[in-house]
Structure formats: structure tokens, C-alpha cells
Amino acid sequence: MRFTDTLPTPSAEALAHSEQLAQRIRAAIERNAGSISFHDFMQMALYEPGLGYYVAGLRKIGQAGDFITAPEISPLFSQCLANQCAQVLTELGGGDMLELGAGSGIMAADMLAHLENIGCLPDHYLILDLSPELRDRQRQTLQQHVPHLLARVVWLDRLPATPLRGVIVGNEVLDAMPVELFTVTNGVPFPVDVTIADQGFAFTPHPNPSPSRGEGLREKLPSAVQKLLLPSPLEGEGLG
């Protein structure tokens, strides 16, 4: 495999798709008096119906996609993780497993196969994934590799309403979860918003601390992290 330090040039179709999404985000910013939260920007970029990165129907994972994760290369990663899950399930006397963002479904298939081999299957294997295209791939993968275990798999649209008794796993999923972004000025955390810029979008600190978007943020963080919260204004920093 040949690696380069440059990104491939997007096709005309991909550029047109990107511009459609950018227009949708710009419209949301204009409707909201010129800015939206970074959380809402990330939510739209990833999950805007029909346009977001994870819901637009294009292949993301594997040789034909944009990236490859460890479970796609070898079952060893999934088997090692399954061994740890088996320890927890054994201590609990059974339970469920919940995977956040199951990708192509290969990690779920390999983990279930290994847990069956060592006699420690979960009662249910829950998958929380918002991408219709990835859900279809996950079902196909599980049907191909462990069809007899497919009845144990349940797809969710949101976190379970009742407490989970079991194990939660996730591989390379945090970057797919919309988050709030903050900047700290004179020791005070301010939420960061996204505005329209000449060349795309830009960061701008929210003019006031927002109770609903991070009040008590400093106190909630470990002391070692609190010391890293130095003033870092982001006014005008571009998003491209």
C-alpha cells in the first residue's frame, strides 16, 4: 500500500455535495442570528439528513472508504476486547453488551463469535448507530459471519431508557459524537460558536457564559486538566 502526505482531490460530485451541506449549515446560522453552537455545527456536518458525513450513503470504512480501523484488519483486536468483556459479564452473572457506533459490524461479529467460543455470550448485543447505511452493512456483516446469533442483536436510536447491566464498548467513536467547544478567557470558560466567514466558517467565542452550555465546567474537570485551561481566544479562527 502506498501512503502519501496529501489528500486526494474531491470529485466534482463530492464538491457539489459538500457545497449543498455548507449551504444548509449557512442557512441554519442565518436563521439563528448569525451563529450556531459548535455542537450544532458538528451535528449537521455529520448527521444532517441526506447530507451529513455518516448519513449520506457513501462508503466510509474499509479499502474502498475513507479510513480503516483495527477490527477491519484482523479479528485479534476484537477477540482481545471480547476477553475483557467476558470477565465483566462473568462477574455480573450475565448481562448485555452495547456497542456505540459499530461501523461495518465486523467487530460485533468477531466479538460475538469469540464470546460464543468461550461460552460467555451476552443476553443481547445492542448497537447504537445513527447511520442507516452503516446499519444495513452491520446487518449484512452479522448475517454473513454469525447468522445464528443475529437474533441477539438489537439496533437502537438512542441510549437505553433504563440502566444497562453489562458492558459498553466503542472503537474510534468519540470523534463521531457532536460535542461542545469552549475557550477560556481570564479563567472563565465561554462556549464557542460557529459563524459564516468569507472562505467558509469561523470560530467565535459566545459573548456570555451560558449556564446550559458548560456552567461549572472547570469544577467538573480533573485538577490536572484544570491547570491546562489557559486563556485562548478563538475570535476569527477559520474552519475552512
Side-chain angles (χ1 to χ4, degrees), residues 6-62 64-67 69 100-104 127-138 155-159 161 170 172-185 188-217 231-240:
T6 58
L7 294 174
T9 302
S11 66
E13 181 182 5
L15 289 173
H17 181 100
S18 179
E19 181 54 29
Q20 275 188 283
L21 177 57
Q23 288 178 3
R24 187 79 60 86
I25 296 173
R26 284 194 288 267
I29 291 173
E30 291 170 352
R31 288 196 303 270
N32 199 52
S35 68
I36 58 175
S37 68
F38 182 78
H39 174 280
D40 290 348
F41 173 83
M42 190 172 176
Q43 175 72 32
M44 293 187 73
L46 297 181
Y47 299 108
E48 182 68 8
L51 292 172
Y53 181 76
Y54 285 111
V55 296
L58 299 177
R59 202 171 187 86
K60 305 296 184 295
I61 305 171
D66 294 335
F67 57 89
T69 59
L100 305 175
S104 70
I127 295 177
L128 176 55
D129 204 309
L130 301 181
S131 169
E133 184 264 336
L134 288 178
R135 282 189 178 204
D136 288 342
R137 286 190 63 191
Q138 292 155 14
W155 279 266
L156 304 176
D157 295 317
R158 57 184 61 85
L159 289 171
E172 299 195 31
V173 70
L174 290 179
D175 58 343
M177 300 174 64
V179 298
E180 287 284 10
L181 182 64
F182 295 88
T183 182
V184 178
T185 302
V188 179
F190 288 80
V192 172
D193 291 339
V194 177
T195 60
I196 299 173
D198 291 340
Q199 301 301 319
F201 303 99
F203 291 125
T204 182
H206 196 76
N208 300 299
S210 173
S212 64
R213 292 175 59 194
E215 185 175 286
L217 174 67
S232 54
L234 298 171
E235 184 72 50
E237 184 170 333
L239 284 170

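One-based numbering along the sequence shown.
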Nearest heavy-atom neighbours spanning [X] and [Y]:
X	Y	answer
D129	R135	O-NE, 2.8 Å
E180	S37	OE1-CB, 4.0 Å
D193	S35	OD2-OG, 3.7 Å
L156	L128	O-CD1, 3.3 Å
H17	L51	NE2-O, 2.9 Å
A102	I127	CB-CG2, 3.6 Å

Open item on the list: Show every side-chain hydrogen bond (donor to acceptor under 3.5 Å, both in side chains) that has at least one partner inside residues 42-51, sequence neighbours left out.
Closed with: R24-E48
Task: Any side-chain heavy-atom pair of L181 and F203 under 4.5 Å - done: yes
Task: Within-4.5 Å side-chain heavy-atom neighbours: V179 and L174 - done: no
So how far is it from [X] [atom1] to [Y] [atom2], rounded to the nearest 0.5 Å?
X	Y	atom1	atom2	value
F201	I36	CZ	CD1	7.5 Å
N32	T195	CG	OG1	12.0 Å
I25	Q23	CD1	CD	11.0 Å
I196	T204	CD1	OG1	13.0 Å
Y54	L130	OH	CG	11.5 Å

Task: Partners meeting salt bridge (charged side-chain N to carboxylate O under 4.0 Å, His left out) with D198 (sequence neighbours left out) - done: none
- [ ] Applying side-chain contact (heavy atoms from CB on, under 4.5 Å), run through M42 and V194 and close with a yes or a no.
- [x] CA-CA 10 Å; M42 190 172 176; V194 177; over 6 Å; no
TODO: Would you confirm whether Q138, through its side chain, and G103, through its main-chain N or O, come within 3.5 Å as a donor-acceptor pair?
DONE: yes
